[in-house]
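Quantities reported herein were computed from a predicted structural model and do not represent experimental measurements. Convention: sequence-line order gives letters A, B, ...; per-chain numbering from 1. Note: hydrogens, waters and symmetry copies are ignored here, and every other heavy atom, side chains too, is used.
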Amino acid sequence: MLKCSTFSSNKAYIVRYFITFAAPATFPDSDFSDDTQDLVIQDKDILRKSHHDSGTGLHVLDLIHRGSLEPDRSLYNTLFKKCTLLKKLDEARIVHAHINASLFKDDLVMQNTILNTYCKCGSLDDAHKLFEEMPVKDMVTWTALITGYSQNDQPLNALVLFPQMLRLGLKPNQFTLSSVLKASGTGTSDRYGRQVHAFCFKYGYVWNVYVGSSLLDMYARFGRMDDAWSVFDTLESKNEVSWNALIAGHARKGEGEHALKMFSGMLRQGFEPTHFTYSSVFTALASMGSLEQGKWVHAHVIKSGGKLVAYVGNTLLDMYAKSGSIDDARKVFNRLERRDVVSWNSMITGYAQHGLGKEAVRWFAEMLRIRIVPNEITFLCVLTACSHAGLLDEGQKCLELMKKYSIEPQEAHYVTMVDLLGRAGRLDQAMKFIIKMPIEPTAAVWGALLGACRMHKNMDLGTYAAERIFEFDPHDSGPHVLLANMYASAGRLSDAAKVRKMMKESRVKKEPACSWVETKNAIHMFVANDDAHPQREEIRKVWDEICGKIKEIGYIPDSSHVLFYADQQEREAKLQLHSEKLALAFALMTTPPGFTIRIKKNIRVCGDCHSAFKFASKVVVREIIVRDTNRYHHFRDGFCSCGDYW
DNA sequence: TTAGGGTTAG
């Protein structure tokens, strides 16, 4: 009873050749005894039982060819499942060749399965070739290919196929729409996605949890959290994915508190957080720099028995590093199940941001020693570390090393290199570097030079750099403030006034400075000259006391950091009301002695505050950690971890 | 037979 597929002799040869090549363990002829029926059943069982084995079980094709096994749909499906699971493209091709020589050659469902397998194995070329060859295609065929493109970083191809499918009169289902929405979440505009949203309405899928989650994720990726929320609220039922998409959206936007609130809401409603949830929540916490809340969520992971797998572990260590605890970050690193390039980059960045440049370079060397291949981000992290620590030689070597790894330096690498040279006082060298570099200098490159000129009080080059920046964007407040500061700190107050006038005339708005401080489980925000805080009198009194004490040990207020008041006395008074000083005073009032104070600022920490905090850390005998947009400052016993190099 | 969510820098 041989129910073997019909082969043409030529095709049989090809298939056998492939099988032998890929799966040499063929069965001897003597295995085909009289009790063939028993063998058939037995081998099918072996195939099914071995579903999770490392092999794909291709030897059964040999059995089919020899006639001892009857090919059926479920057998081929099992083989394709294994190919998908193990990402075995070559073996999927062999099974495909075998099917082409069988009765299933023109079977639409089988062809859809093959197409899907090619997509899952990452070969969109094979999938597209089969798609073109298929005489009949149904909605599943189109959906499988659209999904393939969407899942394999080719969203445009997916978006081109969708209208073609519609033009043929095929109606999309929830699978199609979810994939199209995923593809629509890329690019610069949500226009396509909004049109797909209309289709979801038309076909009645907006309430479907799969389509709805993709839809809200699409909006969240474009930062349209209100629209994302509207979709979330209208979902008939929610699941972990819907929650995760919304949490990730808030995390991406840097809206840490929203993300954390969502996480609490998810727990309250009885949903189990997944790896995706924790990754997003730690990303959110990292942006908040909130150590206490970070520890709370970490405890959740431990309690749920979650292992520190790639994404979760990396985001967790990044959270600790960004929240000011590099020691905890290192502990997490040591406990990671697998350390990849992101784990190493995060640690290097952590050390760089904490002013431990030499340590960052040491970790980079160790990473190379154990043959972890660095990527462009690694080099940027190392260059930043060198820049923050004044490690000029190491930085130059790092840039050279990029060639060895065939990584072309990008704008960010050049900016950091200019920053490194400039901070080290090599302003001429930095200028020569800009002229020689293979890309056109951008506003960011000139910005780095301007920052260095301000630091080293080089008015002429600084003015030149500022003029170049204004050519790119005359309304950018950053360079205006830097330029005015540069003039003010050199005593050229009339020039500083000219810049202020220019800003006013061009309607350049300076971003208001804000500081946040975390006390136990609450976060308090302060703005400069804060008059609205209910404890403003007490806060000012505390700062006045500290100010008096630090003046006794050498603090000299530097009012060049106050631009908008002409009168010297008024400038000095405003200087003492900077948001970070108010935040520090408040933290001292509300936290127990010895408690580390953690302050976050939305712009670069002011030079006078930096000086005041160094003295204050000695007077109040506290560790003060300030995280600004550039880096961390650990103030302890009169010194800052940045070594005044920031 | 076809579906959705997560990391490092600047």
What contact category does [X] fall into here, base, sugar-phosphate, or nothing, at under 4.0 angstrom with non-hydrogen atoms?
{"X": "A:N77", "answer": "sugar-phosphate"}
{"X": "A:T143", "answer": "base"}
{"X": "A:R73", "answer": "nothing"}
{"X": "A:K238", "answer": "nothing"}
{"X": "A:V281", "answer": "nothing"}

Listing, residues 194-206 of chain A side-chain donor-acceptor contacts under 3.5 Å, not counting sequence neighbours, or none:
{"residue": "A:R194", "atom": "NE", "partner": "A:D190", "partner atom": "OD1", "Å": "3.3"}
{"residue": "A:H197", "atom": "ND1", "partner": "A:Y219", "partner atom": "OH", "Å": "2.7"}

Open item on the list: Apply side chain to side chain donor-acceptor pair (under 3.5 Å) to residues A:S230 and A:D227 and explain how you reach the verdict.
Closed with: CA-CA 5 Å; A:S230 301; A:D227 289 320; 4.9 Å; no
Task: A:K182: side chain to side chain contact (heavy atoms under 4.5 Å, CB included) partners, not counting sequence neighbours - done: A:S150, A:Q151
Open item on the list: Going by side-chain hydrogen bond (donor to acceptor under 3.5 Å, both in side chains), name the residues that satisfy it together with A:N244, two or more places apart in sequence or in a different chain.
Closed with: A:T274, A:T277
Open item on the list: Let's see if you get this right: which residues in residues 145-158 of chain A place a heavy atom under 4.0 Å from DNA chain B?
Closed with: A:T147, A:Q151
Open item on the list: What residues from residues 336-353 of chain A pass a heavy-atom cutoff of under 4.0 Å to DNA chain B?
Closed with: A:V342, A:N345, A:S346, A:T349
Open item on the list: Please determine whether side chain to side chain donor-acceptor pair (under 3.5 Å) holds for the pair A:D340 and A:S343, giving the CA-CA distance in whole Å, both sets of side-chain angles, and the decisive distance to 0.1 Å.
Closed with: CA-CA 5 Å; A:D340 60 13; A:S343 327; 2.8 Å; yes
Open item on the list: Just to verify, what does A:F276 make a ring-ring contact (aromatic ring centres under 6.0 Å, His included) with, not counting sequence neighbours?
Closed with: none
Please list, chain by chain and in numerical order, all residues satisfying salt bridge (Lys or Arg N to Asp or Glu O under 4.0 Å) with [X], sequence neighbours excluded.
{"X": "A:K601", "answer": "A:E580"}
{"X": "A:R73", "answer": "A:D107"}
{"X": "A:R627", "answer": "none"}
{"X": "A:E257", "answer": "none"}

Anything under 3.5 Å between a donor and an acceptor, one on a side chain of residues 132-141 of chain A, the other on a protein residue two or more places apart or in another chain? List them.
{"residue": "A:E132", "atom": "OE2", "partner": "A:H128", "partner atom": "NE2", "Å": "3.3"}
{"residue": "A:E133", "atom": "OE2", "partner": "A:K129", "partner atom": "NZ", "Å": "3.1"}
{"residue": "A:K137", "atom": "NZ", "partner": "A:F131", "partner atom": "O", "Å": "3.3"}
{"residue": "A:K137", "atom": "NZ", "partner": "A:M134", "partner atom": "O", "Å": "3.3"}
{"residue": "A:D138", "atom": "OD1", "partner": "A:N112", "partner atom": "ND2", "Å": "3.2"}
{"residue": "A:D138", "atom": "OD1", "partner": "A:V140", "partner atom": "N", "Å": "3.1"}
{"residue": "A:D138", "atom": "OD1", "partner": "A:T141", "partner atom": "N", "Å": "2.9"}
{"residue": "A:D138", "atom": "OD1", "partner": "A:T141", "partner atom": "OG1", "Å": "2.7"}
{"residue": "A:T141", "atom": "OG1", "partner": "A:N112", "partner atom": "OD1", "Å": "2.8"}
{"residue": "A:T141", "atom": "OG1", "partner": "A:D138", "partner atom": "N", "Å": "2.9"}
{"residue": "A:T141", "atom": "OG1", "partner": "A:D138", "partner atom": "O", "Å": "3.3"}

Task: Start and end of the DNA chain B segment that chain A contacts, any atom under 4.0 Å from a heavy atom - done: B:dT1 to B:dG10
